[in-house]
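Here is the structure we will look at.
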Amino acid sequence: MDPLAELDQLQTEALSAISHAQSADQLEQERVRWLGRKSRIIEMMKLIPTLPPESRGPFGQRANQFKKAVEQSLAEQKSGLAQTPTKSHLDVTLPGQSFHSGTLHPITQTLGTILSLFTSMGFEVADGPEMEFEYYNFDGLNIPKDHPSRESFDTFFVDYASPNPKQGRMILRSHTSPVQVRVLEKHEPPLRIVVPGRVYRRDALDPGHSFMFHQVEGLMVDKKTRFSDLKGILDYFLRQLFGPETKTRFRPHYFPFTEPSAEIDIASHLKGKSSFAQKEWLEIMGCGMVHPNVLQAAGYDPKEYQGFAFGMGVERITMLRHGIQDIRSFFESDVRFLEQF
Ligand code: PHE
């Protein structure tokens with residue numbers, strides 16, 4: 001075989017073998033095999049004097065190229081192996097890889113607690129649309145067109161009106177009470193429902209106000225539902241939610257859709273935990289006996305059926321439970337805040 005051609009073939013074999021070496025030991029074996037004293041290249045160089053004089057120069061140059069190529073390949077493979085971690089590089093003293101798992105939003109957690117307390121008392125969970133017609137938000141709840149309390153709900157209007165004039169214009173609901181009317185239209189009492197959901201009011205943002213927040217509405221209608229049922233159930237609910245030592249106070253109030261109406265205050269051990277808790281008593285929810293006009297508008301005889309309703313703000317309750325100072329923190333999606341709950 002022509003010695004130059006043989007060198008080409010030898011180089012191909014050598015580079016391939018070196019590139020498959022997996023350890024420093026194997027690399028050393030390859031070095032000895034291709035460049036060592038007993039290697040083919042050394043053997044071939046010993047034959048130079050036997051070549052015709054004009055071939056000795058080119059062969060010598062080619063042999064040197066071969067050596068350089070093999071040495072370079074050995075060096076590259078060596079540094080490649082050094083960068084590949086092997087078992088012996090495992091450092092058990094390094095900090096572990098941390099891994100983030102999400103948590104339920106604090107509002108979702110409070111909603112879960114509230115709903116499960118009521119479902120344990122036989123209430124079912126219902127819902128209704130956030131974009132609502134004026135009829136359900138107002139008229140059906142005994143709030144007629146020119147009633148001053150329409151003003152007190154600073155309402156967002158949507159640029160749409162129902163083809164049915166009775167339903168009126170479309171709005172973003174300002175409370176969850178419209179679902180009372182919707183459920184009464186569809187379901188014959190006896191019924192017990194709780195309704196979680198978002199509500200919207202044209203309020204400027206500040207630590208205590210947001211243009212969107214969550215309420216839970218409640219409604220119980222049956223043939224002999226009394227104010228004492230309302231008191232017993234809500235008293236029990238609030239002590240479960242805030243602790244057995246919680247005191248409640250039912251303070252007379254006015255809502256167009258309940259009569260009589262009350263606001264419930266709690267007093268408490270929570271004092272000092274949040275900015276709300278500066279006062280002795282904290283207003284926590286609205287309630288009352290369903291107004292006869294509401295039952296009548298939904299097609300029931302108020303002499304046959306009575307009921308009670310209540311509504312509470314979920315952000316406010318969550319702020320009290322955790323001592324949170326600013327309602328805006330619920331909606332800023334800052335993980336450093338959210339992961340605390
Ligand atoms: N809807 C009332 C509000 O948003 C709360 C309420 C609900 C009061 C049910 C009485 C009965 O303020």
Side-chain angles (χ1 to χ4, degrees), residues 111 114-115 118 123 125-130 132-144 147-156 171-184 189 191-203 208-222 225-227 229-235 237-238 248-266 276 282-295 297-298 302 305-317 327:
L111 272 174
I114 294 172
L115 296 181
F118 280 105
F123 284 73
V125 179
D127 70 358
E130 289 175 29
E132 187 52 285
F133 289 118
E134 282 177 292
Y135 174 77
Y136 293 102
N137 202 81
F138 299 121
D139 311 67
L141 286 166
N142 196 35
I143 313 176
H147 195 284
S149 92
R150 283 209 189 198
E151 303 297 317
S152 72
F153 289 112
D154 240 334
T155 311
F156 286 113
I171 60 168
L172 298 183
R173 67 179 178 194
S174 56
H175 53 172
T176 41
S177 301
V179 188
Q180 287 187 37
V181 183
R182 286 184 174 271
V183 168
L184 280 170
L191 51 88
R192 283 181 225 181
I193 53 151
V194 271
V195 184
R198 294 191 171 129
V199 303
Y200 302 84
R201 293 183 193 176
R202 229 184 113 266
D203 279 333
H209 293 87
S210 166
F211 51 82
M212 185 282 292
F213 57 98
H214 297 74
Q215 287 188 329
V216 173
E217 187 82 10
L219 175 69
M220 173 164 173
V221 179
D222 204 337
T225 311
R226 307 189 176 100
F227 197 84
D229 298 316
L230 175 158
K231 262 194 107 170
I233 285 179
L234 294 182
D235 207 59
F237 162 71
L238 289 169
T248 59
R249 176 172 81 176
F250 289 71
R251 178 170 37 79
H253 197 72
Y254 171 76
F255 296 107
F257 36 93
T258 47
E259 181 60 33
S261 305
E263 267 187 342
I264 310 176
D265 301 331
I266 60 170
F276 282 123
L282 292 165
E283 163 207 331
I284 198 79
M285 59 199 289
C287 63
M289 299 307 289
V290 179
H291 197 288
N293 290 353
V294 174
L295 290 164
Y305 286 110
Q306 301 86 44
F308 66 80
F310 55 87
M312 65 192 96
V314 184
E315 278 75 3
R316 190 183 168 82
I317 289 173
I327 194 171

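Read the numbers this way: they start at 1 and go in the same order the structure lists the ligands and their atoms.
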Under a 4.0 angstrom heavy-atom cut-off, which atoms of ligand 1 come close to [X]?
{"X": "Ser177", "value": "1 (N), 7 (C)"}
{"X": "Arg201", "value": "3 (C), 4 (O)"}
{"X": "Phe310", "value": "7 (C), 9 (C), 11 (C)"}

Heavy-atom distances under 4.0 Å are what count here, so tell me which part of Ser174 touches ligand 1: side chain, backbone, both or neither.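 Near ligand 1, Ser174 shows nothing, with every heavy atom at 4.0 Å or more.
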
Is the closest heavy atom of Met285 to ligand 1 under 4.0 Å?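 It does not; every heavy atom stays at 4.0 Å or beyond.
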
Can you tell me which residue and heavy atom of the protein come closest to atom 5 (C) of ligand 1, and the distance to 0.1 Å?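 Its nearest protein heavy-atom neighbour is Gly311 CA, 4.1 Å.
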
Counting non-hydrogen protein atoms only, what is the nearest one to atom 2 (C) of ligand 1? Give residue, atom name and distance.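 Here the nearest protein heavy atom works out to Phe257 CZ, 3.8 Å.
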
N/O of Gln180 under 3.5 Å from N/O of ligand 1, yes or no?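 Gln180 vs ligand 1: no N/O contact under 3.5 Å.
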
Mark yes or no for whether [X], through its side chain, and [Y], through its backbone, hold a donor-acceptor pair below 3.5 Å.
{"X": "Thr248", "Y": "Asp235", "value": "no"}
{"X": "Asn137", "Y": "Pro178", "value": "no"}
{"X": "Arg251", "Y": "Glu263", "value": "no"}
{"X": "Arg316", "Y": "Ile327", "value": "no"}

Are more than 12 heavy atoms, taken from residues, nucleotides or ligands other than Phe211, located less than 6.0 Å from that residue's CZ atom? no

Between Phe213 and Val314, is any pair of side-chain heavy atoms under 4.5 Å apart? no

